[in-house]
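All figures in this text were calculated on a predicted structure; none of them were measured in a lab. Numbers restart at 1 for each chain; the letters A, B, ... are given by sequence-line order, proteins then strands. These values consider heavy atoms only, across backbone and side chains, with no hydrogens, waters or symmetry-generated copies.
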Amino acid sequence: MSAATTPTTAITYREAMREAIREALVRDERVFLMGEDVGRYGGCYAVSLGLLEEFGPERIRDTPLSESAFVGAGIGAALGGMRPIVEIMTVNFSMLALDQIVNNAAALLYMSGGQFNVPLVIRMTTGAGRQVAAQHSHSLEAWYAHVPGLRVLSPATIDDARRMLWPSVCDPDPVIIFEHGQLYNARGELTEDPVTDITSAAIRRRGEDVTIVAFGGTLGPALEASEQLAAQGIEAEVIDLRSLRPLDSETFLASVGRTHRAVVVDEGWRTGSVSAEVAARITEEAFYDLDAPVTRVCSAEVPMPYAKHLEEAALPQPDKVVAAVRQLGG
Amino acid sequence: MSDEHGLHLLRQMLRIRRFEERCVELYSRSAIRGFLHLAIGEEACAVGVTEALAPDDAVVATYREHGHALARGISMREIMAELEGKLEGSSKGRGGSMHIFDAVARFYGGNAIVGGGIPLAVGLALADHLQGRRRITACFFGDGAVAEGEFHESMNLAALWHLPVLFCCENNLYAMGTALERAQSETDLSLKAASYRVPSWNVDGMDVVAVEEAARRAGEVVRDGGGPHFLELRTYRFRAHSMYDPDRYRDKAEIERWKERDPIPALTADLGAAGILAEGDLDRLEKEVEAEVDDAVAFADAGTDEDVSDLERYVMSEPRPGAT
Amino acid sequence: MGDFTMPSLGADMEEGTVNQWLVKPGDEVHRGDIVAVVETEKSTIEIEVFENGVVDELVVEEGETVPVGTVIARLTSETTAATVHSPVLRHLAEQLHVDLSSVTGSGVGGTVTRADVERAGAARVEGAPPGTRPVPQRRGQRHRKAAERATGRTRSSPYARRLASQLGIDVAAVQGSGPGGSVVEADVRRAAAEPAGTGGPMAASVEAAGEVAASSQVGDKQAAMRQAVGALMARSKREIPHYYLSTTIDVAAAVTWLERANLERPVTSRLVLPALLVKATARAVAKVPEMNGFFVDDEFRPSAAVHVGVAISLRSGGVIAPAIHDVDTLALDDLMRALRDLVVRARSGVLRSSEMSDPTITVTNLGELGVESVFGVIYPPQVALVGFGQVGDRVVARDGMVGVRPCLTATLSADHRASDGHRGGRFLAEIDRLLQEPETL
Ligand SMILES: Cc1ncc(C[n+]2csc(CCOP(=O)(O)OP(=O)(O)O)c2C)c(N)n1
Ligand SMILES: [Mg+2]
């Protein structure tokens, strides 16, 4: 990224997200941010740093360590006319609020015959890469993407970090936003003409030889792999899913229709993962376009290890993506 | 208490009782399916508390909520239609007995995860607090829910943030087949709330007047910014946990002892003694209630089945004109 | 070697009924042999095998109806039938780069054992010249063998199969270079680019013909056929940018030549004008190859072979256009015979699968019906259809003289993606020219 040419617009993913939260707080007084250490501390990943000072403790609410209660309270507040943004420190901790998310947030509208929608945004960090081992590193997006009634987003770029929040806040239904921990320090420039929807996938790189489907933390490795492949004469099309539920299958199916090969890169465990869903849809709907089996590059099926080399070995790395593509004879 | 109000309390409890008795019948002829939890014996709790609420207060209840819904003013027709799974039901047949919702009544379920509704109540109160509204949220749950983490997290959060929630624990001594003393190291539930610095009362849940009075007093403090309050309503269900529960875990004699304290005859006697309920008044009341139940059943029976093509409706919101 | 499946004789064919088996287990079969008679809703079709081997098992009984793609018989090759190695052994052999067929067995009854393979593997490495390692075969090929042995069939990607059927390539005959030695798109395209004859044309051009009746009732069959034809024609109209040309051809020379030629022939083998028309069409293709072949995957692929689809109306209603193969090289008498035979078999409902699926251009002749001119709909993925109308005396001005001559209207419906009006005009003119020299046909 050319930070030198226009240094004013280059920001980090963290800052982009913070700007997005600030925008929401400014634009709609019903919006408030709630979560563990979002206020005084400034957010465990410093996303909300400075917001307490700007908006006060009513709108930047520190909560006790009660994931179920404060997520549930977010749902209740949404029912009561507010537009809460609830931050859960990491997806691993969201398990303690799973009841509220799955049994309440996702089900209330349906269960009430359309009477009670839940305009709630839940943000959480996901993903590995920081040697924080097995209780802070997992990618459980697929669990949420499984649940009807939720929207599940995975902003992988500075633009999306900056611009997916507001439409999520405006959405009448619960939206879960996954922020990959490795992205917070990523720096880049906001583009002029951004995609602002929260439903479609984006083609991040054009290519006609193979389709690489990625999202969140795997977009980077996928793009890096595509550059290496280009050097070897293979042009990969890289698709960023952006939304995991609903899943924009049209975009990747169309791409596979052109390239006839697909590699899905997912930091989740292979079994029952988002990549499994993508692969299944490709085989269901683009079988006769396939010139090779759909291949996946996922995390090793182990609780994330602590040791650096083990963690690296467990994660989908660019070279694994390159190898997977090469193996297709692309 | 005015004469009229006394008769009103009696009518409300009778409506619930006769409605639920009819539900048993309908269940047997398969018009109602799924889980059916009856609150026969516990009517005073639902009626007493809701009487103390203002029209724009919110109610969060459990899966044993027919009484709360009826007392809150949701039409008996819609509730019965919901139980029969009809489109005309309060949740268009998507909820059933355990999930009655009503936006107009601000009735937020019908929650069938034990303890799961409690955080919602805290959030509803938070919204009122943030918007500076003088509304309260009444949250019903059973003695079993007190063992759940969500109860404790929510108690703490509500107290910490000083939110306008009226916690109403209907302690009927059993969580399905598990007696309270088999589940709790401390069986005085009000002490648990008190440990979160939430003012707590023990109330005779078989006395509708006592329940109403306690709820009114506590509710006023809550409404005036006094923070959450906790009522432990000591009550008892006369029937099994749900339909076709063999009810082997309690002593028949225990049930009979509690039946002597049935809130409906108790109030009837009090009203008679006070000269409020005259000869023939009860019969007339019963007839009116029966007619309402008949009408509700007829309405539900005549209801329509939701078109299967609408199966996926209400998974996500539909665009609403004028919505932002 | 392996599974012989219910063939798809059209994209819309869903199932077929095995009416009759013409082979039995133990019979040796050769590529192209008719092995069964299959009933579809359109007609009864003789189906052929595409490989040599021995019938191992008839999986589907006579009278049974099964979906397209269902294994209906199993074949084994004469060689592999003799020795069957265990998967473990095959895996080991593959790892050690040992050719199992060259290993002498030391086990019971001469079977090859683990030790035999290991010994052979060791010998291989020792025997290699210094500094060289056992050269692994190209990854794809090695895997392919393994895959073939394991599954008994050629692996090919779904896309490759689809493409192959559109291009008229027999996947089984293509060398795979993809994962696990599978046949992939590139292999099929390479095969398609090779001279004709390397892969049996299997174009699914007459998709309508492939229909199989779920019910044998004639009414249903006709309706189903109508529907199938309708779907195909609708697709054609949707996908193919047709353009149309017409020209009037003076057939006096052709008619005169026929009369003379028939003098020497017995009644049963007399030549008729349609044979000349078909032949002229086939020959004209040599000048304008854009009319002959398939449009698939966004590009036109000319066909070296000229298989002319002849539209034949059936008594039961409907039209099919089975092919006469290599018409450009067929002597007129042979063509005549083929034409007769085809009409008879089409009308009695016994056609071969290849006839149904591989025309490269179609001729429709509605002259018999008194039609003046016919502007037909192209059978996808073909790119041209030539129509001939009724022969009639017309007033023709020629060289400043007015005369009455037998003429017919020839029309061309062609795919604008493959050719244009200019080339189309050339093509019709060439047909005209050829018909003026009937003796050369
Ligand atoms: C989280 C959860 N666990 C278990 C159940 C099954 N269950 C349904 S009702 C019930 C008993 C609850 O007892 P209590 O809270 O005292 O309410 P009561 O039924 O007595 O009104 C149980 C265990 C449930 N619905 N939710
Ligand atoms: Mg209980």
Side-chain angles (χ1 to χ4, degrees), chain A residues 28-32 34 57-59 61-84 86 96-97 99-100 102-120 147-151 170-175 245-246, chain B residues 58 60 82 87 89-95 98-104 106 108-113 115-131 133 135 137 148-150 152-158 160-161 163 306 312-320 323-324:
Chain A
D28 188 337
E29 61 181 15
R30 298 172 301 176
V31 171
F32 67 99
M34 156 163 79
E58 286 286 48
R59 299 187 72 194
R61 301 186 82 85
D62 280 323
T63 67
L65 295 168
S66 307
E67 286 78 9
S68 193
F70 72 74
V71 170
I75 298 168
L79 289 171
M82 302 300 287
R83 291 289 180 276
V86 173
L96 282 84
D99 165 48
Q100 289 299 327
V102 176
N103 287 320
N104 283 343
L108 276 162
L109 180 68
Y110 195 80
M111 212 160 56
S112 67
Q115 296 184 81
F116 292 118
N117 61 303
V118 181
L120 168 71
V147 183
L150 300 178
R151 278 187 186 282
C170 296
D171 197 88
D173 299 314
V175 180
R245 183 180 193 95
Chain B
V60 176
E82 187 59 33
L87 180 58
S90 43
S91 294
K92 297 192 166 63
R94 283 163 171 75
M98 300 191 288
H99 302 300
I100 291 164
F101 288 84
D102 191 286
V104 175
R106 299 199 67 227
Y108 295 93
N111 292 279
I113 303 296
I118 308 176
L120 293 192
V122 174
L124 284 161
L126 174 60
D128 286 336
H129 164 80
L130 287 170
Q131 295 174 86
R133 290 185 295 232
R135 307 198 296 206
T137 298
E148 293 280 3
E150 291 190 313
H152 294 273
E153 291 188 12
S154 301
M155 248 338 133
N156 181 52
L157 202 60
L160 192 67
W161 290 350
L163 299 175
E306 171 78 291
E312 292 179 10
R313 250 188 109 176
Y314 309 125
V315 173
M316 303 305 279
S317 292
E318 295 167 4
R320 290 167 210 201
T324 47

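Contact tally against chain A (heavy-atom pairs below 4.5 Å) for B:Gly115, B:Ala121, B:Ser90: the top residue is B:Ser90. Of the residues considered (B:Glu150, B:Lys92, B:Glu82), B:Glu150 shows the highest number of contacts with chain A, using heavy-atom pairs under 4.5 Å. Ranked by non-hydrogen atom pairs under 4.5 Å with chain A, the options B:Ala58, B:Gly95, B:Gly123, B:Gly149 are led by B:Gly123.
The local environment of CD in A:Glu29 is sparse, with at most 12 non-hydrogen atoms from other residues, nucleotides or ligands closer than 6.0 Å.
Here the side chain of A:Gln100 pairs no donor or acceptor atom with the backbone of B:Pro119 at under 3.5 angstrom. A distance-only check finds no donor-acceptor pair linking the side chain of B:Ser317 to the backbone of A:Asp173 [under 3.5 Å].
With a 4.5 Å cut-off on non-hydrogen atoms, A:Leu150 touches chain B through its backbone but not through its side chain. Only the side chain of A:Phe32 has a heavy atom closer than 4.5 Å to any heavy atom of chain B. Of the two parts of B:His129, only the side chain, counted from C-beta on, holds a non-hydrogen atom closer than 4.5 Å to a non-hydrogen atom of chain A.
The CD1 atom of B:Ile100 lies 12.5 Å from the OG atom of A:Ser112; values are rounded to the nearest 0.5 Å. Atom CG in A:Leu109 sits 8.0 Å away from atom CD in B:Glu318 (nearest 0.5 Å). Atoms CG and CG, from B:Leu120 and A:Asn104 in turn, are 4.5 Å apart once rounded to the nearest 0.5 Å. Expressed to the nearest 0.5 Å, how far CG of A:Asn103 lies from CD1 of B:Ile113 amounts to 3.5 Å.
Taking both residues in full, the closest heavy atoms of B:Glu153 and A:Glu67 are given as OE1-N, 3.8 Å, listed atom of the first, atom of the second, then distance. Minimum interatomic distance between A:Met82 and B:Ala127 (heavy atoms only, all atoms of both residues): CG-CB, 3.5 Å. For the residue pair A:Tyr110 and B:Arg313, the shortest heavy atom distance occurs at CE1-O, 3.0 Å. Of all non-hydrogen atoms in A:Ala77 and B:Leu126, the two that sit nearest each other are CB-CD2, 4.5 Å. When every heavy atom of A:Gln115 is checked against every heavy atom of B:Phe101, the shortest pair comes out as NE2-O, 3.0 Å.
Take A:Pro64 and apply the side chain to side chain contact (heavy atoms under 4.5 Å, CB included) test, not counting sequence neighbours, and it matches A:Ser66, B:Asn156, B:Leu157, B:Leu160. Checked against side chain to side chain donor-acceptor pair (under 3.5 Å), B:Glu306 has the following partners two or more places apart in sequence or in another chain: B:Arg94.
Under the 4.5 Å side-chain criterion, counting only non-hydrogen atoms from C-beta, A:Thr63 is in contact with B:Trp161. Residues B:Leu130 and A:Arg61 are in side-chain contact: their nearest non-hydrogen atoms beyond the backbone lie under 4.5 Å apart.
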